[in-house]
Amino acid sequence: MTETQPDRVPVRRALLGVYDKTGVEELARGLADAGVELVSTGATARRIADAGIPVTPVEQVTGFPECLDGRVKTLHPAVHAGILADRRRPEHTAQLDELGIAAFDLVVVNLYPFTETVASGAAPDECVEQIDIGGPAMVRAAAKNHPSVAVVVDPARYGDVLEAVAAGGFTLVQRQRLAVAAFRHTAAYDVAVASWMGNVLAPDDDSGFPAWVGAAWERADVLRYGENPHQRAALYRSDRPGLAHAEQLHGKQMSYNNYVDTDAAWRAAHDHDDPCVAIIKHANPCGIAVGTDIAAAHRKAHACDPVSAFGGVIAANREVDLAMAEQVAAVFTEVVVAPSFTADAVEVLTAKKNIRLLRLPEAPPAAVELRPVSGGLLLQTVDRIGGDGDDPTTWTLATGEPLDAAGLDDLVFAWRSVRAVRSNAILLSHEKATVGVGMGQVNRVDAARLAVTRAGERAAGSVAASDAFFPFADGLQVLLDAGVRAVVQPGGSVRDEEVVAAARTAGVPLYLTGTRHFAH
Ligand SMILES: NC(=O)c1ncn([C@@H]2O[C@H](COP(=O)(O)O)[C@@H](O)[C@H]2O)c1NC=O
C-alpha cells in the first residue's frame, strides 16, 4: 500500500450526529461556508436546517427511514462504507463508485448520555435506551479509518475543526490524535455500560464484587517525580470527586508524596464532626485535634508535635480563616487542604511562596478502595468511622469505673483518631488533641513505647486508643505505667483476660469496641 494522498485530507463531506447539540449550529455554518457538504441525523439535521444551513438528512443517504425509536438511524452500508473506505486504496474508491456511495472526510458524533441517565436514578429500561449503538459504531469506524477520516467527539474541539478545514484539512497527526481521543471515548463509554450492567442490572453473584472491573482514568498531570526523585510519576483522575479534582489556589505543583499525605490528612480531618485539623507527615499524623473553631483545632494539633509538624501537610474540615492562616504561616508547611478559605486567609497564605493551597469541596467518600498488588488488584469496602463499633454506647467496659461524659468524649476522640495512624497504632490524647502517637511498629509494645515517649509528661492523665487488640498485657502495661487514665481497644485476643487484669490492677477503665481499625 502506498501513501497516495497528501498529509492533509481536505474536508468535502461531513457527517454530523450529536446528542449534545452545543455549538453544532456554529460548526455547521462554518463547515457550510467552507463548502463542506453536510449530512446529518434526525434532530441534529433539523437543528441545522432550522438555522438555514443546507443539510442532507441521513435517511436520504441510506434510502431508509430512521426506525425503532431511533435505535436504527445510521446503521447502514451507505453510511459505514462512506466512513470506512480507505482512500489510500484505489480499489476502495472504485468500490464506492460502483456502489454509488460518497465518502465522508469528517465525522462529528457525541453519544447518548448513558452515565448521566444512570446517575439520575432512571429505571433500568430508560438506562438501557440510553446505550448508544449507532454513535459508537460511527466513532469507531471513523477512528479506525483515521488515515482517511477525521473524527470529533468533543464539542470543545469544534473551533479546531473549522481551523483545520480552513487550512486545507486535518494532518495525519491530527487525525491520529482525534482517533485516539475517539477510541478512549468509546472505551470509557463501554466501561460505564459494562459496569452498570454487572453491578446494578444483573450482578454476577451476591458477593458485592463484580466478576469484572473496568476503569477509565484520565491523566490530570505529569508530576516532577515519584516517591523518590529517580521515579517518574503522573496523576490520573476518575470521574469520582476527590483529591485528584481539587482546585489548587496557590503554590508549586503538588508532588507525588504531597498527594499521598494530603489524602491521608483529608481523611483524618473528616473522621471528626467538630472543627478538626490533621497534620500529616509520611502518611501518619503528627497531630490531630478538634476545637471550638478551626484555628483552635489547628493550635491544638500543632502543639502535639511541633518538631514533626515542620514541613507537614495540613487538612481542615472547615473553612480556613484568618486566625488559622496566621498560625500556619508561621510554620513551614507543604500543603493546606480545606473545603474553603476566607479571602484574608488566602491573602496571608499566598504570601508564602512554598505553601500549596488546595480547595477540596466535601464529597461523599467512595464505597470501595483499590490497591494494586503485583499481577492484580485488591478491592475492599472503605473503612469508615461511624459504624457500630465507633459508637461508645455499644462499647463494653471490661473493667474500671465508667468515665464521665467529658472523659468518654476524649476517649471517642482518641478512637476516631487512631484510625488515621498506620498499624500497629497507639494514640494518646488529652482534651481532644493528640499528645503522643506511636505508628507503624511491628509489635504493639513498641507502638505503645513510641506513643508514650512522644507524649512525655503529657502521657500521665491522657487517654489511649489502640487500633487493634493487645495480644498480650505488655503493650497495655507500657501505657498503664505511663499513667494513662483510660484505654479503648477492640478486644478479642485469646489473652483478653490477662490484658483486662492488668487494667484492673492499675485501676484504669478499659473499654472494648469489638471493631478494629487497621491501616496499612
Ligand atoms: N441507532 C443509530 O443508528 C444511531 N446513529 C446515531 N445515533 C446517535 O444519535 C444521536 C444523534 O441523533 P439526533 O441527531 O436525532 O439527535 C447521536 O448521539 C448518535 O450517537 C444513533 N442512536 C443510537 O444508537
Side-chain angles (χ1 to χ4, degrees), residues 13-29 31-32 36-84 101-104 106-120 122 124-145 149-158 161 178-179 181-194 196-197 201:
R13 192 163 181 255
L15 175 59
L16 276 56
V18 290
Y19 178 86
D20 175 0
K21 303 207 166 38
T22 311
V24 76
E25 289 162 28
E26 293 77 1
L27 173 69
R29 191 175 307 283
L31 290 172
V36 179
E37 179 195 342
L38 304 182
V39 175
S40 186
T41 50
T44 311
R46 283 193 292 282
R47 179 72 81 92
I48 295 170
D50 287 350
I53 303 159
V55 59
T56 306
V58 75
E59 290 96 325
Q60 216 165 295
V61 172
T62 60
F64 209 87
E66 175 178 322
C67 61
L68 308 180
D69 297 318
R71 285 187 173 203
V72 180
K73 305 182 197 181
T74 54
L75 297 163
H76 192 281
V79 171
H80 281 272
I83 299 174
L84 279 163
I101 294 173
F104 290 105
L106 170 67
V107 170
V108 180
V109 169
N110 61 59
L111 309 179
Y112 288 175
F114 173 77
T115 308
E116 293 79 356
T117 307
V118 168
S120 75
D125 271 355
E126 202 183 324
C127 296
V128 167
E129 211 44 56
Q130 292 300 325
I131 299 174
D132 201 323
I133 300 298
M138 291 190 288
V139 169
R140 297 180 80 250
K144 170 174 174 163
N145 200 24
V149 181
V151 57
V152 174
V153 293
D154 180 359
R157 306 300 301 267
Y158 292 170
V161 172
L178 290 169
F183 271 117
R184 285 178 180 157
H185 189 63
T186 55
Y189 196 83
D190 272 347
V191 164
V193 173
W196 175 77
M197 288 214 159
L201 186 69

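Both ligands and their constituent atoms are indexed starting at 1 by order of listing.
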Review point. Just one of Val107, Leu84, Leu15 clears the side chain to side chain contact (heavy atoms under 4.5 Å, CB included) bar with Val149, so which one?
Key: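 It is Val107, the one option of Val107, Leu84, Leu15 that forms the side chain to side chain contact (heavy atoms under 4.5 Å, CB included) with Val149.
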
Check your understanding: Quick one: salt bridge (charged side-chain N to carboxylate O under 4.0 Å, His left out) partners of Arg140, sequence neighbours excluded?
Key ->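 None.
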
Review point. Tell me, which pairs form a side-chain hydrogen bond (donor to acceptor under 3.5 Å, both in side chains) where one or both residues lie in residues 67-77, sequence neighbours left out?
Key: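 For residues 67-77: Arg71-Glu129, Lys73-Tyr112.
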
Check ligand 1 for N or O atoms under 3.5 Å from a protein N or O and list each pair with its distance.
from     : atom 1 : to     : atom 2 : distance (Å)
ligand 1 : 1 (N)  : Gly70  : O      : 3.2
ligand 1 : 1 (N)  : Arg71  : O      : 2.6
ligand 1 : 3 (O)  : Lys73  : N      : 2.7
ligand 1 : 3 (O)  : Thr74  : N      : 2.8
ligand 1 : 3 (O)  : Thr74  : OG1    : 3.1
ligand 1 : 5 (N)  : Thr74  : OG1    : 2.6
ligand 1 : 9 (O)  : Lys73  : NZ     : 2.9
ligand 1 : 12 (O) : Thr41  : OG1    : 3.4
ligand 1 : 12 (O) : Lys73  : NZ     : 2.7
ligand 1 : 14 (O) : Thr41  : O      : 3.4
ligand 1 : 14 (O) : Thr41  : OG1    : 2.6
ligand 1 : 14 (O) : Ala43  : N      : 3.4
ligand 1 : 14 (O) : Thr44  : N      : 2.9
ligand 1 : 14 (O) : Thr44  : OG1    : 2.4
ligand 1 : 15 (O) : Ala43  : N      : 2.9
ligand 1 : 15 (O) : Lys73  : NZ     : 3.2
ligand 1 : 16 (O) : Lys21  : NZ     : 2.8
ligand 1 : 18 (O) : Tyr19  : N      : 3.4
ligand 1 : 18 (O) : Asn110 : O      : 2.6
ligand 1 : 18 (O) : Asp132 : OD2    : 3.3
ligand 1 : 20 (O) : Asp132 : OD1    : 3.3
ligand 1 : 20 (O) : Asp132 : OD2    : 2.6
ligand 1 : 22 (N) : Tyr112 : OH     : 2.9
ligand 1 : 24 (O) : Asp132 : OD1    : 3.2
ligand 1 : 24 (O) : Ile133 : N      : 2.8
ligand 1 : 24 (O) : Gly134 : N      : 2.8

Check your understanding: Asn145 side chain to Ile83 main-chain N or O, any donor-acceptor pair under 3.5 Å?
Key ->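 Confirmed, Asn145 side chain pairs with Ile83 backbone.
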
Review point. Distance-only, no hydrogens or angles: does the Thr44 side chain make a donor-acceptor pair with backbone N or O of Gly17 under 3.5 Å?
Key: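 Checked: no pair found.
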
**Study point:** For Pro113, side chain to side chain contact (heavy atoms under 4.5 Å, CB included) partners two or more places apart
**Key:**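 Partners of Pro113 under the side chain to side chain contact (heavy atoms under 4.5 Å, CB included) test: Tyr19, Glu116, Thr117, Gln130.
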
